[in-house]
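Notes follow the structure.
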Amino acid sequence: MTSPFSWIKADETAKEALVRILTERPLVQLPAPLHRLPLRVGNVVEIVGPSPSAKTLILIQAAINCILPKEWKGVQYGGLDRSVYFIDLECRFDVYSIAQALERRIIRANGSRSKRNEDGYDKELFAACMGRFLYTRCYNSFEFLATLKTLHFQLRKEKEKQTSAVYMLMIDSIGAFYWMDRALPSSSSGSNNRKSISLQTVAETIVHEIQRLVLMHPMIVLATKSATFGDKQSTNELIRYSGKRSNEKVSDSRFPQNLPYRDYMPSAWQSFVSHRILFRASDSESRHQKRSTFFTEWLLPSLKFSDKFIVTDDGLIEIL
């Protein structure tokens, strides 16, 4: 029989807690346009935009900045040498995409040295970096919650195996199960001590679990989210529009780029987010017509300036 005092058993000693709290935390190096604001551990950054708008690409670039070392065999990479935990809720992420981006980053940093390597990049460095990229996918909110609830023990094991702890928690995309959760029956399991299962309670539990994780494992949270614009009627039209194939060009005056942003996530999540940046497709003529062009708007905190960039094989490139 379990001891009645087993529930007070600590997850870590006081010494371990002090080491965790007092350890110097490296500067968060995020790619443009997230570089505009000083972000720190504990911040929850929401990257909002229509699909596609390079939201996942920003996660890839931020992950590479994190998993690369600062220096390797005399070559400066400017990374954090820390791990990333990537939770794929859309189940569409291709791990090969980050592998390709990492290879290109290593080759660019090596420059002329890569010419002496027939593969063009350092395989040992590549393997070490990819070992710090932890990936999982969830098919519904209950799998997502199960992942969050067990993540503390998994992160502790990873820290024991590696010298670097997880520094970024990435969620792509946080609103993936919105309509599935909204359709949940608002009924409890029969016990008076349990909350009814609903969109709001699921969101509250997710926020609670992430808060607990960030407290035990200091991290910065990056979460992407599909955007909706305008009022309820225009939002319904936008949902039907977004269901079209991504390569199908639609020019319709009902979807102007200046429609107001409309948040659809439950209040528990909205109040949890500390920073929010909105991505919109540019509707102006550009000299980069063969490239997708986007501009950004900081909603939280509200900033008066915006960045404009194009999407290339090497990532996001800021343009004037």
Side-chain angles (χ1 to χ4, degrees), residues 11-12 16 20 23 25-26 28-31 34 39 41-47 55-70 72 77 79-103 105-106 121-174 176-177 206 209-225 315:
D11 291 328
E12 59 183 351
E16 291 172 339
R20 173 174 56 83
T23 298
R25 297 172 181 176
V28 180
Q29 300 179 5
L30 295 178
L34 301 181
L39 300 173
V41 166
N43 288 153
V44 179
V45 185
E46 191 179 69
I47 306 169
K55 300 186 298 295
T56 304
L57 181 58
I58 289 181
L59 295 186
I60 290 176
Q61 289 186 312
I64 291 176
N65 286 356
C66 190
I67 63 180
L68 274 172
K70 183 176 182 180
W72 177 275
Y77 292 95
L80 294 178
D81 200 19
R82 305 290 289 271
S83 299
V84 171
Y85 199 96
F86 192 105
I87 303 179
D88 180 14
L89 302 185
E90 288 194 328
C91 303
R92 296 190 302 177
F93 182 77
D94 184 4
V95 178
Y96 185 60
S97 61
I98 190 173
Q100 286 184 311
L102 179 61
E103 287 181 14
R105 179 75 172 269
I106 294 175
Y121 68 97
D122 191 319
K123 287 186 175 181
E124 184 181 356
L125 173 60
F126 175 82
C129 291
M130 289 301 296
R132 288 190 284 270
F133 183 77
L134 311 175
Y135 172 85
T136 189
R137 59 174 49 180
C138 305
Y139 293 92
N140 54 57
S141 289
F142 299 104
E143 289 189 8
F144 183 31
L145 282 171
T147 298
L148 293 176
K149 284 181 175 294
T150 59
L151 196 52
H152 164 65
F153 302 99
Q154 185 175 350
L155 295 183
R156 190 167 60 179
K157 289 181 179 179
E158 289 294 331
K159 188 176 181 179
E160 293 173 356
K161 291 191 300 183
Q162 306 182 51
T163 57
S164 63
V166 172
Y167 197 60
M168 290 186 183
L169 174 63
M170 299 183 174
I171 305 172
D172 187 28
S173 129
I174 191 62
F177 308 132
I206 288 173
E209 293 300 329
I210 296 177
Q211 285 176 329
R212 187 173 66 91
L213 277 172
V214 173
L215 179 63
M216 298 299 298
H217 307 273
M219 298 181 291
I220 182 171
V221 180
L222 299 178
T224 65
K225 187 181 73 177

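It should be emphasised that the depicted structure is a prediction, and the values quoted were computed from it without experimental measurement.
For the residue pair Arg105 and Tyr77, the shortest heavy atom distance occurs at NH2-O, 3.8 Å. In plain terms, the two heavy atoms of Ala165 and Arg82 that are nearest each other are O-NE, 3.4 Å. Between Arg212 and Leu148, the shortest heavy-atom distance links the atoms NH2-O, 4.2 Å. Closest approach of Cys138 and Phe177 over heavy atoms only: O-CZ, 3.3 Å. Considering every non-hydrogen atom in both Tyr167 and Cys66, the closest pair reads CB-SG, 4.0 Å. Across all non-hydrogen atoms, the minimal contact from Asp122 to Leu125 is OD1-N, 3.1 Å.
Applying the salt bridge (Lys or Arg N to Asp or Glu O under 4.0 Å) test to Glu143 and every residue at least two apart in sequence or in another chain returns nothing. Arg92 is linked by a side chain to side chain contact (heavy atoms under 4.5 Å, CB included) to Ser51, Glu90, counting only residues two or more places apart in sequence or in another chain. Looking at residues two or more places apart in sequence or on another chain, you find no salt bridge (Lys or Arg N to Asp or Glu O under 4.0 Å) involving Lys55. Residues passing the salt bridge (Lys or Arg N to Asp or Glu O under 4.0 Å) test with Lys149 are Glu209, sequence neighbours excluded. For Ser173, there are no side-chain hydrogen bond (donor to acceptor under 3.5 Å, both in side chains) partners, not counting sequence neighbours. Applying the ring-ring contact (aromatic ring centres under 6.0 Å, His included) rule to Phe93 yields the partners Phe86, Tyr135; only residues at least two apart in sequence or on another chain are considered. Every side-chain hydrogen bond (donor to acceptor under 3.5 Å, both in side chains) that Ser141 has, sequence neighbours left out, goes to Asp181. Here Thr136 pairs with Tyr85, Ile87, Thr147 under the side chain to side chain contact (heavy atoms under 4.5 Å, CB included) rule; sequence neighbours left out.
Between the CE atom in Met219 and the CG atom in Leu169 there is a gap of 5.0 Å [rounded to 0.5 Å]. Put simply, CE on Met130 and CD1 on Ile67 are 6.5 Å apart, with the number rounded to the nearest 0.5 Å. Here the straight-line distance linking atom CD1 of Ile174 with atom CZ of Phe144 works out to 4.5 Å at 0.5 Å rounding. We find the CG-CG distance between Leu145 and Leu151 to be 12.0 Å, quoted to the nearest 0.5 Å. Atom CD1 of Ile206 is separated from atom CD of Gln211 by 12.0 Å, given to the nearest 0.5 angstrom. To the nearest 0.5 Å, atom CD1 of residue Ile64 and atom CG of residue Leu80 are 13.0 Å apart.
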Set out, in order, the CA-CA distance, both residues' side-chain angles and the distance that settles side-chain contact (heavy atoms from CB on, under 4.5 Å) for Arg132 and Asp81, then state yes or no. CA-CA 8 Å; Arg132 288 190 284 270; Asp81 200 19; 3.0 Å; yes
Does the side-chain contact (heavy atoms from CB on, under 4.5 Å) test come out yes or no for Leu34 and Ile47, once each step is laid out? CA-CA 9 Å; Leu34 301 181; Ile47 306 169; 4.1 Å; yes
Can you list the steps and then say if Val214 with Val44 is a side-chain contact (heavy atoms from CB on, under 4.5 Å)? CA-CA 10 Å; Val214 173; Val44 179; 5.9 Å; no
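Between Leu155 and Leu213, the closest side-chain pair of non-hydrogen atoms falls below 4.5 Å. Using a 4.5 Å cut-off on side-chain heavy atoms (C-beta onward), Leu68 and Ile106 make contact.
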All N/O donor-acceptor pairs, side-chain side in residues 95-102, below 3.5 Å, sequence neighbours left out:
residue, atom, partner, partner atom, Å
Tyr96, OH, Gln100, NE2, 3.4
Ser97, OG, Asp94, O, 2.4

